[in-house]
Amino acid sequence: MSQPPLLEIRDLVIEASAGKRTAPGSGKALIDGINLTLKRGEVLGLIGESGAGKSTLGLGAMGFTRDGCRFAGGSVTFDGTELTSARPAVRRGLRSTRIAYVAQSAAASFNPAYKLIRQYAEFPVLAQGRSRREVEADAVTTYRQMKLPNPEEIGFRYPHQVSGGQLQRAMTAMAMACRPDLIIFDEPTTALDVTTQIEVLGAIRDAVRDFGTAALYITHDLAVVSQMADRIMVLRHGKLVEEAATETMLADPQEEYTRSLWAVRAFEAPAKPVPAEDVQPLVSLRKVTASYGRIGPDVLRAVSFDLHAGRTLAVVGESGSGKTTAARCAMGLLPRSGGDVLLDGVSLPPDYRKRSKAQLQQVQIIYQMADTALNPKQKIGDIIARPLKFYTGLRGRKLTARVRELMTAIDLDPDVYYHRRPGELSGGQKQRIGIARALAAEPRVVICDEVTSALDQLVAEGILRLLARLQQELGISYLFITHDIATVRAIADDVVVMQHGQVVEAGPKAQVLDNPQQDYTKSLLASVPEMDAGWLDRVLTERVAAR
Amino acid sequence: MIRQLRNVPLTAMFGILVIVSYAVIAIFAPLIAPYPETAIVGMEYLPWSEEFLLGTDSLGRDMLSRLIYGARNTLGIALATTVIAFVIGCSVALLAVTLQGWVDQLISRMVDVMMSIPTLITSLLLLMIFGTSVLNLILIIALLFSTIVFRIARAVAMGVVVMDYVEAARIRGEGLLWIMFREILPNAATPLVAEFGLRFTFVFLTISALSFLGLGVQPPLADWGAMVRENASLITFGDLTPLLPAGAIALLTLAVNFIVDWMLHMSSGLKD
């Protein structure tokens, strides 16, 4: 005989309501007829692009909808209790003790004013009436379970005193505090570096196994979900695309859309001939040293690398490795304190304000966050036209024609988008505008600062393809700052690996990625999740063995 | 446009109506007022009658006509003052934020010093020194209020100046004015516009207060603050007439605040 499922969702519809008084069914459906069953102790992975309704469904499983959304049909049954129609008090009671939620950004989810352990104890004390002393002793056990360093002591720190990976584990520990039956993980490792991500993933999986907790694991990263989940559901536009056990799903996806998700990482820009030894590099950093503030510690220590004309140099490292700082030194945004930055063999002034217009024109930048990189009050046409006007002095009809040409080059229809503002565009479209703005200056070097890390995998792939195509057509060089090894594989010709403000390893892509010489590069490469269900176990065992 | 107006809440609608009617009265004062602004047309303190709808004041001038002309002076001066205060305050704030470093420090500390002295006392002092002409009044109050505008504009612009698009403009090599007025100002405008409405009321109240103290708009020009003072003795006889100019001030303050509330609500994105 089979146990009744812990969570059962039937034909669930969640819609964005146009107003309180409008009839159900009149709004835009965010979740459209989803069925889902979750047994005790089972981990179900939910994947899809942003806007697929993953988070909405995750919250809906707790009987909760965000402001402006509502349940418009179907049912959510948790252990025999129907949640969509339950009284708020009933739902609150369940949410405080039996269902827990782990959010993407632990840093934004903890209250910075209280110590970790006090926030841990809040629900067990309030909702379960246990004594604070008992709960705090319990917290230490859970912290140890989550493999946090110094479990006796770490709870008495404030959220800002622990690292991002530790905070994420502390939040998972907090979710475990009431020993819930169900935990919803909403992209818990997306904001973390790959090496940190492994530890958090391992800790989460062990804890879920040991306590026999069921979990909904929401993510857009296939490799991650294949480590965590027993079963996978693929969502798109609020509808189910495909559902299967993890092994089946990885080995034999049925739907076209799922296969396109799987194939994203297949793209690789065509290889270029290696430049001769004596060719002068286009951009060259020579023993560059820099610090924030006059007395701050050096964040860059004697960093040297060369970017050759028409090639792509990827600078890889975790956050805090100094890769973005190196780019800012090259731009002149952070004046270097030592060393030299050469453009075509000519030294560039350390401060961008001292650089000539021609020097500024040759080095352009594309930002990570397209949302903040484009002035929301300017029209798309004007944003692209400005560098043209500023550097080349184009005016009138010629200017408009050139802007339209650029918009066509980035695959945005000028007739549709010329007069729109950035707020009306999607993330990928905004990033394309950022590219067009950089190209409008007719630069020789474009610095790409994590340009794809805020985008969905499919959209990111489109951006990489566009950049590769533009490089072929225009012969520009890219300095590509990224933490994502897959991106490096896709677009780079040469790779520089950085750690603690120093260059660890440098060389052609094939050499660095396939035959790394340094331990740090090896561990970085080993941390990249692979779409193989046994990968996490393997890496974790290797790590333990290495110690 | 008309469809947008239909969604305006009742309070804001009322505010708009009041301000429009005040503006019409101020602009067409000579056509609407039954008597000239300063002419003595009857006995002192005449009661309300058909000839003098709201009676006459302490010198025998028609109360209604002075109330109507008063709208012109009080509103005109307050508007000019607020505009000047905002032009000065915003420009200096944008300059400080864009240049940062010691320029920002110097300007901010100077503003701190100016703000540490109560506005009314400073304005009284400066008006005594420079004389009480309308021009001096406008310039002095505008300068004092520009310090408050500076603080607000600086706080708003600080949030905008760290945006990547401002950095992009900087490394493009754009000039100071472009960064200040093309990149930063449009993105700081909404809270500043709401603030404009609020400051307008405060300027208005300050001028009325100064007029009441005898240092604002000088006789024989009609001003609502001064009119309260001139006719204050009537209150002891239980006559409501001196309270009418005060009521006019109160009504306008209320109207402006309704509109400001609505604009803040709109800009905060709570459109439900």
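In the text below, chain A, chain B and the rest are named by the order of the sequence lines, each starting its count at 1.
- Looking at Ile435(A) and Ile463(A), their side chains come closer than 4.5 Å, going by heavy atoms from C-beta outward.
- Contacts of Ile383(A) with chain B are absent, with no heavy-atom separation under 4.5 Å from either backbone or side chain.
- Look at Asp104(B) and Arg154(B) and you find a salt bridge, because one of the NZ, NE, NH1 or NH2 atoms lies within 4.0 Å of a carboxylate O, short of that distance.
- Residues Phe145(B) and Phe202(B) place their aromatic rings such that the two centres sit no closer than 6.0 Å.
- A cation-pi arrangement is present between Lys357(A) and Phe390(A) under the rule of less than 6.0 angstrom and at most 45 degrees off the ring axis.
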Side chain to side chain donor-acceptor pair (under 3.5 Å) assessment of Tyr417(A) paired with Gln429(A): CA-CA 10 Å; Tyr417(A) 293 104; Gln429(A) 287 173 331; 2.9 Å; yes

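- Neither the backbone nor the side chain of Ala441(A) comes within contact range of chain B, judged by heavy atoms closer than 4.5 Å.
- Residue contact with chain B, scored on non-hydrogen atoms closer than 4.5 Å, involves the side chain of Ile365(A) exclusively.
- Residue contact with chain B, scored on non-hydrogen atoms closer than 4.5 Å, is absent for Gln364(A).
- Ranked by heavy-atom pairs shorter than 4.5 Å toward chain B, the options Arg353(A), Gln368(A), Arg386(A) are led by Arg386(A).
- Neither the backbone nor the side chain of Arg355(A) comes within contact range of chain B; no heavy atom of the residue lies under 4.5 Å from a heavy atom of that chain.
- Here Glu167(B) is the residue among Glu183(B), Glu167(B), Met163(B) with the most heavy-atom pairs under 4.5 Å with chain A.
- The environment of Arg151(B) atom CZ is sparse: at most 12 non-hydrogen atoms of other residues, nucleotides or ligands sit within 6.0 angstrom.
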